[in-house]
Asks: 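Could you have a look at this structure, given as structure tokens, before my questions?
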Amino acid sequence: TAVYKIYNDGSHFVASLLARQGSRKPTTPKAPDLARNLFDVLYLSALRAGKQGEDLKGELRAGLLSSFPELSDHIETYLDEQIERTLQNLYRRKKRAYRKANMHKWTYFITITYDGEKMSEDEFKRKLKRCLANFHTRRGWRYMGVFERGELNDRLHFHALLYVPAGQMVGELFERKQYSTKRHQWETVQDNTFFAERFGNCEFDEIDEKQMRYGNAAGYILKYLEKSDERLVYSRGTPDHIYMALPQSAFVCKFLDFVDKFVLFDSVIDSEHIADYRGRGISDHFPDRYEVIELHPHFE
């Protein structure tokens with residue numbers, strides 16, 4: 001059997017043949033590009049201010065030329081190159097995030113709101129990440145989220161996909177009423193006593209299989225990722241792909257996406273199989289580079 005790289009596109013597991021690759025050559029660190037660093041700061045600030053099109057480029061142009069007048073001769077080309085780079089980076093981040101979300105089973109979409117009376121924003125981020133990491137280690141939780149500021153009041157929030165194994169929830173879930181300033185109506189949300197006491201109000205919305213199958217749950221995270229320069233926060237062992245040795249009988253069909261790819265039968269892999277993936281053994285095909293796991297025992 002050959003070794004394949006496998007990811008989930010939101011509806012099916014997809015495999016592509018893994019070709020042997022040589023070891024990477026060490027790269028020489030590049031000198032910092034100060035103009036590009038300034039562009040990144042200006043671009044994010046302009047997006048948050050709602051700038052688009054020519055208004056966006058005008059603000060970027062003015063900000064860059066005020067600090068780097070030497071760019072004036074080719075400023076339009078430079079802006080187009082940097083905007084294209086930023087969009088490509090966002091596309092890659094979104095693709096990885098979708099694949100991470102789709103590869104795993106999730107039980108809740110949570111929102112935890114910062115409470116300034118309990119701690120500082122830095123403490124909120126640090127303590128919440130440490131708390132989730134501890135529950136991952138001790139209770140088998142998985143999480144994947146992003147910090148983001150509210151549109152109306154600039155208050156810090158944490159939005160995440162969360163998996164809690166049966167019997168491993170902390171605190172108690174309870175319902176409470178809150179007024180939505182965004183939708184201008186009272187709503188009933190599900191809160192958690194443990195997180196509310198330590199961090200602030202939170203919402204635990206249950207996720208069903210249909211939401212995951214059609215990408216709705218992953219879309220929640222991506223919506224906030226686009227507006228923020230924050231990195232994704234996720235538990236260890238949350239890959240966007242895995243490597244497996246597969247027989248030809250595992251394939252439903254083949255299609256071309258730059259390279260040959262194969263749709264797999266649903267019975268080949270399940271979410272718990274992926275969750276337990278830690279690279280159990282080195283591939284006989286690529287002993288110096290790749291780790292693989294055996295075919296799921298349920299597949300025949």
Asks: Verify the neighbour count for atom CD of Glu70: are there more than 12 heavy atoms of other residues, nucleotides or ligands below 6.0 Å?
Replies: yes
Asks: Given side chains that start at C-beta, do those of Met119 and Lys127 come closer than 4.5 Å, heavy atoms only?
Replies: yes
Asks: Is Glu81 close to Thr77 at the side-chain level, that is, under 4.5 Å between some pair of heavy atoms?
Replies: yes
Asks: Check the pair Asp80 / Lys57 against salt bridge (Lys or Arg N to Asp or Glu O under 4.0 Å), numbers first and verdict last.
Replies: CA-CA 9 Å; Asp80 289 341; Lys57 292 188 73 172; 2.9 Å; yes
Asks: If you compare all heavy atoms of Ile6 against all heavy atoms of Met244, which two are closest, and at what distance to 0.1 Å?
Replies: CD1-CB, 3.6 Å
Asks: Mind checking whether Leu87 and Phe39 sit in one hydrophobic cluster, side chains of I, L, V, M, F, W, Y counted as touching below 4.5 Å?
Replies: yes
Asks: Determine the interplanar angle of the Phe135 and Phe195 rings, folded into 0 to 90°, and report it as parallel if under 30°, tilted if 30 to 60°, perpendicular if over 60°.
Replies: perpendicular
Asks: Under a 3.5 Å distance rule, please check whether His104 uses its side chain to pair with a backbone N or O of Pro239 as donor and acceptor.
Replies: yes
Asks: At their closest point, which heavy atom of Leu264 faces which heavy atom of Ala15, and how far apart are they?
Replies: CD2-CB, 3.9 Å
Asks: Evaluate whether atom CD of Gln88 has more than 12 neighbouring non-hydrogen atoms of other residues, nucleotides or ligands under 6.0 angstrom away.
Replies: yes
Asks: Step by step, would you call Leu128 with Phe158 a side chain to side chain contact (heavy atoms under 4.5 Å, CB included)?
Replies: CA-CA 9 Å; Leu128 180 55; Phe158 180 68; 3.6 Å; yes
Asks: Are any of the side-chain heavy atoms of Lys51 and Tyr43 separated by less than 4.5 Å?
Replies: no
Asks: Do you know which of Arg149, Arg155, Arg126 makes side-chain hydrogen bond (donor to acceptor under 3.5 Å, both in side chains) with Glu121?
Replies: Arg149
Asks: In Å and rounded to the nearest 0.5 Å, what is the CD to CG distance from Glu172 to Asn192?
Replies: 8.5 Å
Asks: Does Tyr234 OH have over 12 foreign heavy atoms under 6.0 Å away?
Replies: no
Asks: Determine, stepwise, if the pair Tyr163 / Ser235 fulfils side chain to side chain contact (heavy atoms under 4.5 Å, CB included).
Replies: CA-CA 10 Å; Tyr163 169 73; Ser235 48; over 6 Å; no
Asks: Would you say Leu47 and Tyr91 are hydrophobically clustered, going by side-chain heavy atoms of ILVMFWY under 4.5 Å?
Replies: no
Asks: Report yes or no: does Lys100 contribute a side-chain atom to a donor-acceptor pair with the main-chain N or O of Thr238 at less than 3.5 Å?
Replies: yes
Asks: I'd like to know whether the aromatic ring centres of Tyr7 and Tyr98 sit less than 6.0 Å apart in this structure.
Replies: no
Asks: Answer yes or no: is there a donor N or O on one side and an acceptor on the other, between the side chain of Tyr108 and the main chain of Ala160, under 3.5 Å?
Replies: no
Asks: Side-chain donor-acceptor pair under 3.5 Å between Lys5 and Ser16, yes or no?
Replies: no
Asks: Would His12 and Asp266 count as a side chain to side chain contact (heavy atoms under 4.5 Å, CB included) if you check the C-alpha gap in whole Å, the side-chain angles of each, and the deciding distance to 0.1 Å?
Replies: CA-CA 7 Å; His12 301 287; Asp266 291 341; 4.1 Å; yes
Asks: Does some side-chain heavy atom of Trp141 sit less than 4.5 Å from a side-chain heavy atom of Gln168?
Replies: yes
Asks: Does the distance from a Lys or Arg side-chain N to an Asp or Glu carboxylate O, for Glu76 and Arg61, drop under 4.0 Å?
Replies: yes
Asks: Check whether any side-chain heavy atom of Thr113 sits under 4.5 Å from a side-chain heavy atom of Glu203, and report yes or no.
Replies: no
Asks: What distance do Thr111 atom OG1 and Phe109 atom CZ have between them, rounded to the nearest 0.5 Å?
Replies: 4.5 Å
Asks: Rounded to the nearest 0.5 Å, how far does CG of Leu64 lie from CZ of Arg36?
Replies: 13.0 Å
Asks: Should we say atom CG of Asn89 is surrounded by more than 12 heavy atoms from elsewhere, each under 6.0 Å from it?
Replies: yes
Asks: Enter the distance from Leu42:CG to Leu56:CG here, rounded to the nearest 0.5 Å.
Replies: 10.0 Å
Asks: Given the ring of Phe147, does Lys125 sit roughly above its face, with NZ or CZ under 6.0 Å from the centre of the six-membered ring and within 45° of the axis?
Replies: yes
Asks: Do Val164 and Val189 land in one hydrophobic cluster if side-chain heavy atoms of ILVMFWY residues count as linked below 4.5 Å?
Replies: no
Asks: State plainly whether one hydrophobic cluster holds both Val3 and Val259, where clusters connect Ile, Leu, Val, Met, Phe, Trp and Tyr through side-chain heavy atoms under 4.5 angstrom apart.
Replies: no
Asks: What's the spacing between Asp260 CG and Lys254 NZ if we round to 0.5 Å?
Replies: 4.5 Å
Asks: Between Thr86 and Leu90, is there a side-chain heavy-atom distance shorter than 4.5 Å?
Replies: no
Asks: Run the side chain to side chain donor-acceptor pair (under 3.5 Å) check on Arg85 and Gln82 step by step: do they pass?
Replies: CA-CA 5 Å; Arg85 174 186 63 83; Gln82 296 305 314; 2.7 Å; yes
Asks: Ile75 versus Leu65: any side-chain heavy-atom pair under 4.5 Å?
Replies: yes
Asks: CG of Asn102 to CZ of Phe13: how many Å apart, nearest 0.5 Å?
Replies: 9.0 Å
Asks: Does the pair Lys177 and Glu187 meet the rule for a side chain to side chain contact (heavy atoms under 4.5 Å, CB included), with working shown?
Replies: CA-CA 6 Å; Lys177 294 279 189 179; Glu187 298 175 338; over 6 Å; no
Asks: Backbone N or O of Gly145 within a donor-acceptor pair of the His159 side chain at under 3.5 Å?
Replies: no
Asks: Between Arg142 and Lys105, is there a donor-acceptor pair closer than 3.5 Å when you use the side chain of the first and the backbone of the second?
Replies: yes
Asks: Verify the cluster assignment for Val170 and Phe174: are they in a single hydrophobic cluster under the rule of side-chain heavy atoms below 4.5 Å apart?
Replies: no
Asks: I'd like to know if the side chain of Asp9 pairs up with that of Ser11 as donor and acceptor (distance under 3.5 Å, no hydrogens or angles considered).
Replies: yes
Asks: Return the minimal non-hydrogen interatomic distance between Ala196 and Asp191, and the atom names on each side.
Replies: CB-OD1, 3.7 Å
Asks: So which heavy atom on Gly200 is nearest to which on Asp115, and how close?
Replies: CA-CB, 4.0 Å
Asks: Would a 4.5 Å heavy-atom cut-off, applied to side chains only, mark Arg176 and Gln190 as touching?
Replies: no
Asks: Test ring-ring contact (aromatic ring centres under 6.0 Å, His included) on Phe251 and Tyr4; report intermediate values, then the result.
Replies: CA-CA 11 Å; Phe251 305 144; Tyr4 293 83; 5.2 Å; yes
Asks: For Cys202 and Ile112, work out which heavy atoms get closest and say how close.
Replies: CB-CG1, 3.8 Å
Asks: Are more than 12 heavy atoms from other residues, nucleotides or ligands located less than 6.0 Å from atom CZ of Arg92?
Replies: yes
Asks: How close do Leu162 and Tyr143 get, heavy atom to heavy atom, and via which atoms?
Replies: CD1-CB, 4.1 Å
